[in-house]
Amino acid sequence: MGFFNFHTNTFKHGVHPPEHKDETNKLPIRQFTFSPLVILPMAQHLGAPSVPVVREGQEVMRGQLLAKAGGYMSVPLHAPVSGTVRKIANVPTISGKMAQGIYLQAFPFSGQEVLEGKPIDWQTATREEILQGIQDAGIVGLGGAAFPTHVKLKIPDGKHCDLLIINGIECEPYLTTDHRVMLEQSDDIFTGIRYLLKATGAPKCVIGIEANKQDAADHLASKIPPGMPVSVQVVPVKYPQGAEKMLITALMGREVPSGGLPIEVGGVVVNVATTAEIGRLLPHGRGIQERVVTISGPGVQKKGNYLIPIGTPLRYVLEQVGADENISEVYMGGPMMGVAVSNLDISITKGTSGIVVFKENDIKRPDKVYPCIKCGACVDACPISLNPSKLGLLAKFEVYEEMAAKYNLMDCFECGSCSYVCPSHIPLVQYFRSSKSIVRKRNAAAKAAG
Amino acid sequence: MSEAQKNTTEATNSRKMLVTMVGIGTICALLIVLSFQTTLPRIEKLKAEALEKAIFKVIPGMVSKKTFQLEGDKLKEVTGKVKDAKLVYAGFDKDGKLVGLAIEASGMGFADAIKVIYGYDPHKEKIVGFYVLESKETPGLGDKIEKDASFLANFDSLDVALSEDKNSVKNPVTTVKHGKKKNGYEVDGITGATISSRAVGNLLKNSTGETLPQLYKNKDFFEAKSQQ
Amino acid sequence: MQGKSQIQNVFKKTLNISTSPHLVRGIGTNDIMRNVVWALLPTALYAVYAFGLSALLLLVTSTVACVLTEHFLAKKSKQPSTISDWSAVITGLLLGLTLPPNFPLWMAFLGGIVSIALGKFVFGGLGYNVFNPALVGRAFLQAAFPVAITTWFPVFSPDRFSSVSVATSTLPLMEPATDGFTGATPLSAFKFDHISTDTYDLAMGFITGSTGETCAVLIILGGIYLAVRKMLNWHIPVSILATVYVLTALLHFSNPEKYPTPEFMLFSGGLMLGAVFMATDMVGSPITTAGVWIYGALIGALVVVIRLWGGLPEGVMYAILLGNAVSPHLDNLIRPRVYGTGNRGEKVRG
Amino acid sequence: MSIQTTNKANEGFWDKLASSPSTDEYMKGLFRENPVFVQVLGMCSTLAVSNTALNGLAMGLATTFVLLMSNILIASLRNVIPKQVRIASYLLIIATFVTMTDYAIQAISVELSKALGAFIALIVVNCQILGRAEAFASKNTVWRSILDALGMGTGFIIALLCLGTVRELLGNGSIFGIPVFPDSFQEWVIMILPPGGFFMLAIWLMVFNAMKQRKAV
Amino acid sequence: MNQESLWSIFINAVLINNFVLAYFLGICPFLGVSGKMETATKMGGAVTFVLVISSLCAYGLHSLLAAIGAPYLELISYIVVIAATVQLVEMFIKKVSPVLFNALGIFLPLITTNCVILALALFQTNKGYNFVQCLVYALASGAGFTLALVLMAGIREHLDLAEPPNIVKGTVLTLMIAGILALSFMGFAGLGSN
Ligand SMILES: Cc1cc2nc3c(=O)[nH]c(=O)nc-3n(C[C@H](O)[C@H](O)[C@H](O)COP(=O)(O)O)c2cc1C
Ligand SMILES: Cc1cc2nc3c(=O)[nH]c(=O)nc-3n(C[C@H](O)[C@H](O)[C@H](O)COP(=O)(O)O)c2cc1C
Ligand SMILES: Cc1cc2nc3c(=O)[nH]c(=O)nc-3n(C[C@H](O)[C@H](O)[C@H](O)COP(=O)(O)O)c2cc1C
Ligand SMILES: Cc1cc2nc3c(=O)[nH]c(=O)nc-3n(C[C@H](O)[C@H](O)[C@H](O)CO)c2cc1C
Ligand code: SF4
Ligand code: SF4
Ligand code: SF4
Ligand code: SF4
Ligand code: FES
């Protein structure tokens, strides 16, 4: 951090896609109806899949443990509704592959009250108890990555956390989940922060919020419990401010080393919804059963923010919100980083922050891919300061080694800013994604070969 | 191969190497000297003819020439070849009277150095002839300085009279835009080859400025030569 | 629940899948190119107003030559024609704008062919060319026909709308008759006779010169339009013009006799058109901002050197071509520090 | 080489000539292994002196002479010269013949020697000559080396003429100094300038490439 | 005798009459090793180095031959002496600095028989440069050669990621670029003539 480092409250480069947040950011969170059948893949998170602990035909209560963690890098899964386990078999997933999962048929008229577990008190519990509690509650990052939160919160020996960052940025267009959570669940958030401060040992906490959610910032600032070392920091609107690395740069003025983790510069980043969930579940020892999802886009009638049980099939969701019959694209997550869905039989998972639906002709499809004209727009957009133009050409000519060795391919975190701005409509991110996996495979092969 | 054997083959090898090299060298030297000797007279003749032709071109009315070497302010007659010397060629008419001096000059042109020879009439104090010895100027443009009749006409009579104190040229030669020539010391430029024609003006200015005062100091020397 | 039957009715379409990001900014390469053409039109129209029919024919010829060549070469190499991306139109238009208004049409046509074939096609077409195609064409013409390309036409001649210059309609392969005059542009007037021209006249375009270089004001307006729309990298013209201004100002104040005023340098010759529309061709300029500043400074410095000490009165074209030749190096040498790495790209800790 | 294997008796003189190994030794240099267009050797003089047809021809003849003489000498001495000093001896031999040629040209015409300039002397380092010495003459009989030198020389002359004629034609409106176009022809000055040399050579190479490709298909 | 100023010799050899782009000298290495930046810079360095050495050799030889009156041995002695000297220098470098040898070594023997080297020797003799002028001329020619080579290498590396039409791939394209570079360098014509 030299003399010339003028810390500017944000990161370098980035893009400004149209936000489309007005359509849902005024709509309070509403409970979604229970679908008659929920489908629960065991792999809802990064890491090892959960392992079922119920039998086919078994009746379960809402909140009851359905599957236990499949290891340290894994979390348990709880029943989102009371009902009968119909089948334990392969279920469709978003990647298009089938994977093990549970079909749970809801009782038609049950009250759906929740089973309580062993409560954890933030004042008395130890660090380890809190981390265990977070794992037992089945909590993974709700910001989209679905990384098991307890793993992230475990500070490695010799490192310490200077700052806990609560990520309320929500830079994806259309999505307003975190915005509503911050407005409506401030108490849960602050309770969650207490657990997190204790778990990480951080001396203080900052909630980072983009300037387009000033109301949420004001609301949270007014609710900070006295004496709590928490502040709210408003940063300029820019995609991908919400990405961990960018947020750390914006709030701490530090850069996460290439290939490294945030803790190496003393930061831990947790999404607001994740925080709220921790604050809500741990005092009761419950497991996670539902999450807030923004449903938006020109293809749906009843846009809004809904509290939807995990496992609710996408098809059911779309029927309930009145999707247009000519829908042509459905994205899980936002349009910048989300995944396009090919099959409506998949279901809402813990990582689903939004569903954005487009009809035909809503999206301006690039008609034609032109050659790179070296306009530099991508270079000016890339938050990592890579040269996507050069990388794109190298990928086209399949010089993967050079991409990694000389042009820092592996530092690309696929934010999509470059593809977004490219006037020649070159599928840059797509190139980088496949190049990265090829490089990884080759490196692994090289390692295996000794 | 035993050590001894190896040594002997190596010895024969290097002896053989030496012998062949010397042999080839001798043949080559012979060939070269032979061709040099056979061509030399003709080459000298051609070169001399070419120079002679140039000198005759730039000094109208001359029939014989003498070559002088300019060393500082001194002139001395030379015969045969001299290297690295500044030469001045004097032209005489059939009565042995000095009609002009030919002087070589060079300067940077558009593409590369331009080398010229010009004739100077010390009686009229004028440049009376001009010939380009070497130039790489662009064909069709810059090479007009060799071919363009109206440009060459500049040098039939170009005023280079010395100043009162005889230490410099009164009006240094300058090139002006085509059609703008007003004074006797101006060179009428070539449209489309402004740069080359200016370069010619410049190199004449430099050469006359340096050489003519020196020659003036040796006026009597030439007079003496004329009488011979 | 009605179950499956309803579901099938509701969603008739099969879903499109694509990889993220699913949004695009919406400005396509063809849009950029088309806008450059719009931005050039005022300059072109002024040229027609100032020089009349000859200029109109010239611009049409060079543009048609470029577009036809582009189309023909694409077809010849069994590829779909690429003329719809408008880049060939820019090349043709710019080529025409850098030639004298009374330039023989057959030469302009030849220049168009050279621009596209030698300047663009041999490198692999749009985006791959190293040198600015229009300037490759012009440089070729200048070396091939140095006299015709330095023969000028008076501005606002009274019969400019009723007749074309004799030179314009020269038969192919033939030498143009000289009804224009040579060497009277402000730059050569300065270089050879030390006559300076009024800056106001230069800026407004009351002075003769190449077809498109006369009216600096319209060129700047076109540039601003593009810069505002983010279709042109404003760093390039600014760095070129600033370098020229500063260098000339230093020289001028050290010796006002010998060196022209900086204003004269900025508004004379092809500098404005070159800096705004030609050096900015993104294909031939460096991709990083730091690289672009160096590129601009280099071009500016070369323009000053060639104009003031070189043999030719004007050097913008050569300066830009040399800048183009250097830009791959600039891209290679100047790489922004990658996030989370040290200056030389190694990993940083802590 | 020889395609017709049957019925040798019926072969005419030309057929025999065409299929004889000696002819092939000569013919290969013309096109198949043309030193300029195929082997891309000796580019410097090719470009520098091909601005007119006459210069090209003169340069081609001079080079052929040097090539021929040094090939003869090297081939006849090939069993005498030890391996270690062969390059040095080749250089000596070549330099000798070049010096002779240089003097000969100076003796023929001042104009011509001015036009060819230092490029006559530079024949010494023309990659082509040393290349032929090393690749061919040092391994073959005198007779075959003569054929090889003549073939390569002719190929070189062909290339120089190809370039020289087109450059002179467009750049000067003439061929061998004889005007071919009407007076009002506009010369393409670029053709006699350095860039024109590069472009013209590129175009001829392209033509050769295209012919090769067509043949290959 | 030649009065040219050192500055003008330098500018002339680097920019105006660049050995490669205006005099067509060293075209083979220019075509051969301009594909990669790294080899190009090394080749440039090696050529400059050999140019300086051979320029000194030629200067000495010329004086010597003039003194003994055997100008006809000029060409043959230039080529032999230059080749021998470079060989010696090469051996010397190999002993003294293996690093430098690794960088330049492989190029040295190839370069000696290259026309740039001999041409420099001949040109400087023709122009009658004195010792210092020769040195500047050698350095400038080397710099000019390196400049052309490096510019070309940058462009060719850039074009490794392009798809030129098959028919121009390789030497043809390189020659065309050389032509365009030569065109661009024409902007320097007449530099210093006024
Ligand atoms: C391009 C990109 C943009 C992101 N934007 C956000 C964001 O706006 N909000 C957010 O909470 N996480 C965002 N993330 C995820 C964060 O990097 C980080 O994983 C998350 O804040 C950690 O919180 P969680 O584990 O509780 O989800 C983004 C990640 C990427 C790669
Ligand atoms: C390829 C080319 C070659 C040129 N060759 C010469 C030349 O040999 N001599 C010269 O004076 N100008 C030469 N010029 C310079 C231009 O003709 C220049 O514009 C002209 O000299 C300006 O003078 P003007 O005012 O008479 O037109 C050349 C220009 C080009 C493009
Ligand atoms: C963008 C642009 C670049 C130009 N570059 C050159 C150049 O490099 N050399 C040149 O002689 N003329 C160039 N021109 C044309 C000159 O501006 C024109 O020749 C100038 O007015 C000087 O004319 P002169 O050479 O007859 O004096 C260029 C024109 C434009 C519009
Ligand atoms: C700002 C801008 C300037 C341009 N300038 C030129 C130009 O000077 N010459 C040209 O041939 N094309 C120009 N183009 C068009 C295009 O980039 C050009 O045809 C490519 O060089 C062909 O690959 C320009 C385009 C833009 C957007
Ligand atoms: S996960 Fe997506 S929506 Fe959430 S903050 Fe990050 S980019 Fe924005
Ligand atoms: S996707 Fe990768 S290369 Fe593109 S902008 Fe994001 S980080 Fe940079
Ligand atoms: S944005 Fe697209 S066209 Fe522009 S430089 Fe990047 S890859 Fe090339
Ligand atoms: S080393 Fe020799 S063969 Fe190789 S490129 Fe250089 S000159 Fe040509
Ligand atoms: S390098 Fe000059 S002839 Fe080969």
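Lettering follows sequence order; numbering is per chain, from 1. Hydrogens, waters and symmetry mates play no part in the numbers below; they use all other heavy atoms, side chains included.
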Engineer: Not counting sequence neighbours, which residues clear side chain to side chain contact (heavy atoms under 4.5 Å, CB included) with L298(C)? List them please.
Structural biologist: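 Applying side chain to side chain contact (heavy atoms under 4.5 Å, CB included) to L298(C) gives L302(C), V326(C).
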Engineer: Could you tell me the separation between the OG atom of S419(A) and the NE2 atom of H22(C), rounded to the nearest 0.5 Å?
Structural biologist: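 Reported to 0.5 Å precision, the distance equals 10.5 Å.
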Engineer: Check Q430(A), R433(A), E414(A) against S20(C) for a side-chain hydrogen bond (donor to acceptor under 3.5 Å, both in side chains) and give me the one that passes.
Structural biologist: R433(A)
Engineer: Name the region of L37(A), side chain, backbone, both or neither, that has any atom closer than 4.5 Å to a heavy atom of chain C.
Structural biologist: neither
Engineer: Identify which of V341(A), I263(A), V339(A) forms the greatest number of heavy-atom pairs closer than 4.5 Å to chain C.
Structural biologist: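 When all of V341(A), I263(A), V339(A) are compared, V341(A) has the most.
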Engineer: Would you check, one step at a time, whether the test side chain to side chain contact (heavy atoms under 4.5 Å, CB included) holds for Y331(A) with L23(C)?
Structural biologist: CA-CA 11 Å; Y331(A) 305 128; L23(C) 288 185; over 6 Å; no
Engineer: Listed by chain and number, what are the salt bridge (Lys or Arg N to Asp or Glu O under 4.0 Å) partners of D380(A), not counting sequence neighbours?
Structural biologist: none
Engineer: What residue, out of C418(A), A340(A), S342(A), has the most heavy-atom pairs lying under 4.5 Å from chain C?
Structural biologist: A340(A)
Engineer: Answer yes or no: is there a donor N or O on one side and an acceptor on the other, between the side chain of K374(A) and the main chain of G127(C), under 3.5 Å?
Structural biologist: yes
Engineer: Among P383(A), G266(A), P335(A), P173(A), which residue forms the greatest number of heavy-atom pairs with chain C at distances under 4.5 Å?
Structural biologist: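 Ranked by heavy-atom pairs under 4.5 Å with chain C, first place is P335(A).
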Engineer: Between T341(C) and D411(A), is the side chain to side chain contact (heavy atoms under 4.5 Å, CB included) condition met? List the steps.
Structural biologist: CA-CA 10 Å; T341(C) 66; D411(A) 284 314; 4.3 Å; yes
Engineer: Please classify the contact between V15(A) and chain C as side chain, backbone, both or neither, with a heavy-atom cut-off of under 4.5 Å.
Structural biologist: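 Neither; nothing under 4.5 Å.
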Engineer: Please classify the contact between N30(C) and chain A as side chain, backbone, both or neither, with a heavy-atom cut-off of under 4.5 Å.
Structural biologist: both
Engineer: Given a strict heavy-atom distance threshold of 4.5 Å, which part of T289(C) is in contact with chain A: side chain, backbone, both, or neither?
Structural biologist: side chain
Engineer: Using a cut-off of 6.0 Å, state whether more than 12 heavy atoms not belonging to F72(C) lie near its atom CZ.
Structural biologist: no
Engineer: So which of K12(A), H13(A), E255(A) actually passes side chain to side chain contact (heavy atoms under 4.5 Å, CB included) with Y339(C)?
Structural biologist: E255(A)
Engineer: Does any backbone or side-chain atom of V429(A) lie under 4.5 Å from a heavy atom of chain C? Answer side chain, backbone, both or neither.
Structural biologist: side chain
Engineer: Who wins among P371(A), G333(A), S35(A) for the most heavy-atom pairs under 4.5 Å with chain C?
Structural biologist: P371(A)
Engineer: Measure distances from K159(A) to the heavy atoms of chain C and classify the residue's part below 4.5 Å as side chain, backbone, both or neither.
Structural biologist: neither
Engineer: Which one wins on heavy-atom pair count under 4.5 Å against chain C: G338(A), A377(A), P17(A), C422(A)?
Structural biologist: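 Of the options given, most contacts go to G338(A).
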Engineer: What part of K245(A) gets closer than 4.5 Å to chain C, counting heavy atoms only: side chain, backbone, both or neither?
Structural biologist: both
Engineer: Please flag which part of Y370(A) lies under 4.5 Å from any non-hydrogen atom of chain C: side chain, backbone, both or neither.
Structural biologist: side chain
Engineer: Measure distances from C375(A) to the heavy atoms of chain C and classify the residue's part below 4.5 Å as side chain, backbone, both or neither.
Structural biologist: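 The answer is both parts of C375(A).
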Engineer: Atom NE2 of H425(A) and atom CD1 of I27(C): how far apart are they, to the nearest 0.5 Å?
Structural biologist: 9.5 Å
Engineer: Which is it for I373(A) and M33(C) under the side chain to side chain contact (heavy atoms under 4.5 Å, CB included) test, yes or no, and what are the steps along the way?
Structural biologist: CA-CA 11 Å; I373(A) 54 166; M33(C) 299 296 167; 4.3 Å; yes
